[in-house]
Amino acid sequence: MRTLRFAGFRLLGMASTLLVISFLTYAVFYVLPADPARLSCGRPCTPERLAEASAFMGYDKPWLQQYLDFLGGIFTGRHFGAGQAAVDCAAPCFGYSFRLNEPVTQLIGERAPVTFSIAVGAAVLWLLLGVSSGVAAAVKRGTLLDRSAMVFSTIGVSSPAYLVGLLGILLFGFTLDMVPVGGYVPLTESPVDWLWHLVLPWCVLALINAALYARLTRGQMIEVLGEDYIRTARAKGLRERRVIGRHGLRNVLIPVVTVFGLDLGLLLGGAIITERVFSMQGLGALLIEAVGTVDLPVIVGMTLFAAFLVIVANFAVDLVYGVLDPRVSR
C-alpha cells in the first residue's frame with residue numbers, strides 16, 4: 001500500500017506538470033508573430049483566402065479556446081475543416097502538420113524508432129562504462145588506473161559531440177572503412193544492419209557521457225568507502241568484492257540514477273546533434289525542420305512529447321529510488 005500510494009502521488013504530480021507545461025508551451029508558441037495560416041495560404045494570399053485558411057486550421061478562435069481544443073484532441077481526436085476537404089486527426093492528436101499533411105503523432109511515431117535506437121543503446125554503454133570505470137578508479141585511488149580514468153573523463157567531458165562524431169567518421173568510416181558513416185536501417189528490415197549502422201553513434205555518445213558518469217561515480221564511491229558501515233563490513237571479514245558491490249555500489253547508484261534518468265529522457269526527446277552528424281532522420285531532425293519552416297503544430301507537439309519523456313524518466317527514477325533505498329517511498 002505504501003508503494004502504491006507513493007506511485008499514485010507521483011502519477012498525479014506527472015499529470016499536473018504536463019498540464020502546466022502544455023499550457024505554457026501553447027501560450028508561448030501561439031503568441032509569436034508567425035502565423036501558420038499565412039504560411040499555408042499560398043500566393044497570392046488575399047484576405048479572403050487567409051480567413052479561409054485560418055478557419056480551416058482552427059486559428060480563427062481565441063488562443064485560449066485553441067488550447068482547450070488542443071487538450072480535447074489529445075483524448076478525443078480533432079477534425080479540421082468540413083466537407084470532402086476535412087482532415088481527421090485521431091486521438092491522441094498533438095496537432096496536425098499542414099505542411100507535411102500528417103498528424104504530429106504520426107510524424108513522431110515514424111521518427112521515434114531512430115532516436116530511441118540511438119538513445120537506449122548509447123545509454124546502456126555509457127552507464128556500464130562510466131560506472132565500472134568510476135568504481136575501479138575509486139577502489140584503486142592514486143594508482144595509474146585512477147589517473148588514466150580521470151584523464152579519459154576530462155577529455156570526454158571537454159569534447160563537443162559534433163567534434164567527436166566527425167573524428168569518428170573520419171577515422172573509422174573513411175580512413176579505416178570499418179563502419180557505416182550515416183543512415184539508419186530499421187530493426188525489422190535487418191537486425192544486423194540496424195546494429196552496424198548504430199555502432200558509431202553509440203560509441204560517440206557513450207564516450208562523451210561515460211566521462212561524466214565516471215567522475216560522478218568515483219567521487220561518490222570515495223565518499224562511501226569512508227563510511228562507518230563499510231569499515232564494519234570489512235571488519236566482519238566480508239570479501240572486498242561483496243563490500244564494494246553490495247554495500248558500497250548500492251548507495252553510489254542513487255545520484256547516478258538521478259542523472260541517468262534526466263540524460264536518457266532528454267536524449268529520447270531528440271538526439272539533435274548526433275542525428276545531424278550521422279544523417280539520421282529522427283526526432284531531432286524533425287524538430288530542426290519544424291523550427292526552420294515555423295511548423296508550429298510540430299514544434300508544440302515535439303516539445304510536449306519531450307517533456308513527457310523527461311517526466312516519465314523522473315518517475316522511473318523515483319521507483320528505482322524505492323528499490324535502492326526503501327526509506328524514500330515512506
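The basis for the numbers below is simple: all heavy atoms, side chains too, and nothing from hydrogens, waters or symmetry mates.
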Q: Under the ring pair (Phe, Tyr, Trp, His ring centres under 6.0 Å) rule, collect the residues that match up with Y229, sequence neighbours excluded.
A: none
**Q.** Pair R111 + E289: basic N to acidic O under 4.0 Å
**A.** yes
Q: Share the residues that join I155 in a hydrophobic cluster, the rule being Ile, Leu, Val, Met, Phe, Trp or Tyr side chains under 4.5 Å apart at the heavy-atom level.
A: V151
Q) Under 3.5 Å, is there a donor-acceptor pair between the side chain of S153 and the main chain of M150? A) yes
Q. Side chain of E275, backbone of A285: donor and acceptor closer than 3.5 Å?
A. yes
Q. Residues in ring pair (Phe, Tyr, Trp, His ring centres under 6.0 Å) with F308, at least two apart?
A. none
(Q) Could you report the tightest heavy-atom contact between S117 and L198, atom names first, then the distance? (A) CB-CD1, 3.7 Å
**Q.** Non-neighbouring partners of F80 that pass ring pair (Phe, Tyr, Trp, His ring centres under 6.0 Å), sequence neighbours left out
**A.** F98
Q) Transitively linked via ILVMFWY side-chain contacts under 4.5 Å: L170 with Y162? A) no
Q: Keeping the roles fixed (side chain from S22, backbone from L19), state whether a donor-acceptor pair exists under 3.5 Å.
A: yes
Q. Can you say whether the rings of F305 and F116 are parallel (under 30°), tilted (30 to 60°) or perpendicular (over 60°)?
A. parallel
Q: Look at the side chain of T175 and the backbone N and O of F172, then say whether any donor-acceptor pair between them is shorter than 3.5 Å.
A: no
Q) Can you list the residues that meet the ring pair (Phe, Tyr, Trp, His ring centres under 6.0 Å) rule with F278, with sequence neighbours excluded? A) none
(Q) Within the 3.5 Å criterion, strictly below it, is a donor on S133 or R218 matched to an acceptor on the partner's side chain? (A) no
Q. Any donor and acceptor pair, going by atom type alone, linking the side chain of S159 with main-chain N or O of V164 inside 3.5 Å?
A. no
Q | Atom CZ of R276 with >12 non-hydrogen neighbours under 6.0 angstrom | A | no
Q.
Holding to disulfide bond (SG atoms under 2.5 Å apart), I want the full list of residues that pass it with C203, two or more places apart in sequence or in another chain.
A. none
Q. Would you say S97's side chain and V298's backbone share a donor-acceptor pair under 3.5 angstrom?
A. no
